[in-house]
Amino acid sequence: MEITGWLLDADYIIEDDVPIIRLFLSTEDGPVQARIDSFTPYFYLVPAEDIDDLAEAVADLEPEEGTITGTEQTTRVDNGQKQEVLKVETAVPPDVPKLKDQCWELDAVQEAREFDIPFYKRFLFDHDLRPPSRITVEGDPLTDPSFDGQTIAATSVAQTETDDILPSDTLAFDLEVYKDEIIMCSFYSDGYRKVLVNEEDGFEAEYVEPVASEQALLERMMAIIKDRDPDILVGYNTDEYDFDVLRDRCEEHGLELTIGRTDRRVTFQRRGRFQGALVEGRIHLDLYAFVSTVMSMTMDTETLTLDAVAQELLGKQKEDMHWEDIKNAWRDREQLDELASYALKDSELAYELAESIVPQIHSLSVLTGLVPFDTCRTSYGQLVENFMIREAAQRDILVPNRPSQRRIGERHSQGDYLGGFVYEPEEGLHEDIAIFDFRSLYPTIILSHNISPDTLDRAECTDELAVEVDEETYTFCQDEQGFIPALLDDLVTERYEIKDSLQELDEQTQAYRDADNRQNALKILSNAFYGYLGYASARWYSRPSAEATTKLGREYIHETIDIAEEMGFEVAYGDTDSVFLKGETIQTDMDTFLDRVNSMLPSYMELEFEGYFERGLFTYTDEGRGAKKTYALLSPDGDLKITGFEYVRRDWSRLARETQEQVIRHVLENDVEGAVEVVTATIEDLKNGDVDPESLTIYTSMSKRPENYDTKAPHVEAAKKAQKRGHDIGAGDTVDYVITAGGGSISDRAELTQYADDYDATYYIDKQIIPVAHRVLKVFGYSEEQLRGEGKQSGLNQFA
DNA sequence: CTTGACCGGGG
DNA sequence: GTGTACGGTCAAG
């Protein structure tokens, strides 16, 4: 029989000493497990000298551990050169590491290769499967009571359409815990809301289901997941928190945590510093894992709390209930419906985040060939590397070995190399700024200059590109396209095509969203190659390639600046791939400028017009030089774009942040006096006690329990005082406090916001408002004293 | 200035 | 499990 379905996940098991690949599918007729028993584990040996000598030595080998089931002489491409290798096949995957060690000791062996690629990945890469798109399997039905669905013994597997990606069938969940016991478990899905509550009385909401005990809650929770049987299970920080709790509590009650489609319990896959909770037969995605590893790079928020991430991506907030309130409410059995609603909200946010994030994970999976479980938890470096390994398999390229710890240390100890060029701005206000930037600068440099470890310093080459970096000269052979440029060629070309086609699609359609996710995945991956070349743990690490890339980037920016200056524009600022230009004729001469720059650029590279701004503010550093990476821009429609002002952080009060934004806005609207007035008025309000203490709150997280601090710090003292009032504050809690009026040190007067009846105006003026305002207004000659409303001559700080 | 410990998210 | 992979910040040395 033949079955077509979306490939959710893959793994392998060993039965009767035979490795069996298991593919978990979702089909229109329900879950399917396809088992393949014909795939053989293998690795490669590179001969020290002669391939026949090597083959003979391996044939004579009597392994102490593991079984060699066959060998084959074949040819692969190694660092751009043809290389004869011996493919060694083993009985089971665990034999591979054992046998490669024994083989590597043979004199005839130079080195072993491709011995550490997990068996299920090897299978997916070699068959060019792209989870979670659709595949077709052929074979006979099989009885397997351990799987909740149909099982078939597959004899053939093939990818069908890669653009037919798994439709959403998602269940979000979240736990609430009090004193190490689960008190609530919420679920959210399309048309489904449920909060299980370990408390039988007092709840009104229709979605609440009371249960009699924690054990009953766990049993009901597992039953709900099995009953709803979702392909995808999501949550926020579920790998490191919720599943940890579930494991512990199930153990406590003697329950098995089985919520997958097999009879196996949830397993925890250690991967360096993270663990992933694997639910067999489904895709468990921890949205925090993907947000923190991949998405945070392009996000504005500094913290990756569910609240902040939902705020930025969805424009929505969690309900306004603090952890302290939750504990108290539960302890006193008060506001129970608010509690349930809070619990539900977290699942709802996770579900809504999943609607936008999961398709991105899927697109990256289709591109890299990783299963969504892995894509969700993989760093940029691993994403690139897995993509390269799969492409290497398709091109008969021999994958380099991972560097040893010693080698990684050596790479680190080489220190940093020069990055992008940053133009030091002249401080003050600049008018009429046009910003231009290079479209995908580093990917297009690598592509158009054929920068790659396998084109570097080639012995026989007719067309060489020399790049001088410091004292060194690196040459990249232009005769044939290198491995990395070839990959980027595909990625960049496809992305440009999709970007073009997007313009003809309606944004509301699924086709648009699919194409947009695909182009975003292409962008994420292609932008990660440059970083990968300089990543010390990379198999294809090439510091010369990374250095040459930034060197060429600096050259292109300099040439762009030269052309701009020749044309009479003034350069206000520039950073790595962008230039900020000024000049009365900038609007009319823009096309000429772009033409001149673009005509000097090689193919693929392009300078684009990014935007026009009426005014820009640049500050200077304490040394009196133009501050790089710190500026504010005002667009013609009144939008502010603020970059790098360090006071715009959570460890500053909201009043300070808002004051700085207002000051910047006034200054950009050519109203410096108005900016000063904002400061003066804010100071007056503070002095008169007219400011809401909420806007003075400062947030700091506790790294340890309050009593374990040796030093006296405001947040620690506030926490200690709160403890005396009966609060339970532990390591990891975020403390929100206000500096109150009165005598003693700052720390003595720090109180949790809820207990702050007043505030210390002097503190907020001197330590919060003046610094953020002065940061901007010093550019216009204002001293801190002047902003405080004192005569410059006084020089005394009366508030000290 | 360099080195080592700590931290992220969750309740 | 064909295991075990981060990067930034901050206090101490």
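Residue numbering restarts at 1 for every chain, and letters A, B, ... go by the order of the sequence lines.
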Considering every strand and a 4.0 Å limit on heavy-atom distances, what is the contact class for [X]: base, sugar-phosphate, or nothing?
| X | result |
| --- | --- |
| A:Phe115 | base |
| A:Tyr120 | nothing |
| A:Leu304 | sugar-phosphate |
| A:Arg122 | base |

Take the protein atom [atom1] of [X] and the nucleotide atom [atom2] of [N], then report the distance between them rounded to whole Å.
| X | N | atom1 | atom2 | value |
| --- | --- | --- | --- | --- |
| A:Arg271 | C:dT4 | CZ | P | 11 Å |
| A:Phe268 | C:dG1 | CZ | P | 13 Å |
| A:Asp244 | B:dG9 | CG | C1' | 12 Å |
| A:Leu353 | B:dG9 | CG | P | 15 Å |
| A:Arg407 | C:dA5 | CZ | P | 17 Å |
| A:Phe290 | B:dG10 | CZ | P | 18 Å |
| A:Leu287 | B:dG10 | CG | P | 12 Å |
| A:Asn237 | B:dG9 | CG | P | 9 Å |

Taking atom [atom1] in both [N] and [M], what distance in whole Å separates the two?
| N | M | atom1 | answer |
| --- | --- | --- | --- |
| B:dG10 | C:dC6 | P | 23 Å |
| C:dA5 | C:dG1 | P | 13 Å |
| C:dT4 | B:dG11 | C1' | 28 Å |

Among [options], which nucleotide sits nearest the side chain of [X]?
| X | options | value |
| --- | --- | --- |
| A:Tyr236 | B:dG9, C:dA5, C:dG1 | B:dG9 |
| A:Asp116 | B:dG10, C:dG3, C:dA5 | C:dG3 |
| A:Asp346 | B:dG11, C:dT4, B:dG8 | B:dG11 |
| A:Tyr342 | B:dG11, B:dG10, C:dG3 | B:dG11 |

Discussion item. Is a donor from one side chain sitting under 3.5 angstrom from an acceptor on the other, for A:Gln335 and A:Asn328?
Written reply: no
Under-3.5 Å N/O pairs linking protein and nucleotides 6-8 of chain C:
residue : atom : partner  : partner atom : Å
C:dC6   : N3   : A:Arg273 : NE           : 3.1

If the cut-off is 4.0 Å, is A:Gln269 near the phosphate of C:dG1, judged by side-chain N/O to OP1 or OP2? yes
>> Counting only side-chain nitrogens and oxygens, does A:Arg377 get under 4.0 Å of the OP1 or OP2 atom of C:dA5?
In response: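 No, because none of the side-chain N or O atoms of A:Arg377 sits under 4.0 Å from OP1 or OP2 of C:dA5.
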Describe, in one word, how the ring planes of A:Phe268 and A:Phe243 are oriented to each other, choosing from parallel (under 30°), tilted (30 to 60°) and perpendicular (over 60°). perpendicular
Check: Should the pair A:Tyr42 and A:Phe39 be assigned to parallel (<30°), tilted (30 to 60°) or perpendicular (>60°) ring geometry?
Finding: perpendicular
Who are the side-chain hydrogen bond (donor to acceptor under 3.5 Å, both in side chains) partners of [X], not counting sequence neighbours?
| X | result |
| --- | --- |
| A:Asp11 | A:Arg22 |
| A:Asp575 | A:Lys629 |
| A:Ser146 | A:Asp144 |

(Q) Near DNA chain C, counting only heavy atoms under 4.0 Å, which residues of residues 88-105 of chain A show up? (A)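 Here the set is A:Pro93, A:Val96, A:Pro97.
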With a cut-off of 3.5 Å and sequence neighbours excluded, list every side-chain donor-acceptor pair involving residues 173-186 of chain A.
residue  : atom : partner  : partner atom : Å
A:Ser186 : OG   : A:Ala343 : O            : 2.8
A:Ser186 : OG   : A:Ser347 : OG           : 2.6

I'd like to know whether the aromatic ring centres of A:Tyr288 and A:Phe290 sit less than 6.0 Å apart in this structure.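 Between A:Phe290 and A:Tyr288, which both carry aromatic rings, the centre distance is not below 6.0 Å.
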Those residues that, when tested against [X], pass salt bridge (Lys or Arg N to Asp or Glu O under 4.0 Å) (two or more places apart):
| X | value |
| --- | --- |
| A:Glu105 | none |
| A:Arg331 | none |
| A:Glu410 | A:Arg406, A:Arg407 |

Notebook entry, point to check: Where along residues 172-179 of chain A does a heavy atom fall under 4.0 Å from DNA chain B?
Noted result: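 Contacting residues: A:Asp174, A:Leu175, A:Glu176, A:Val177.
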Applied to residues 374-386 of chain A, the salt bridge (charged side-chain N to carboxylate O under 4.0 Å, His left out) test, sequence neighbours excluded, yields A:Asp239-A:Arg377, A:Arg271-A:Asp374, A:Glu385-A:Arg539
Residues which pass side-chain contact (heavy atoms from CB on, under 4.5 Å) with A:Ala392, listed by chain and number, not counting sequence neighbours
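A:Ala392: side-chain contact (heavy atoms from CB on, under 4.5 Å) contacts with A:Ile397, A:Val399, A:Phe483, A:Trp540.
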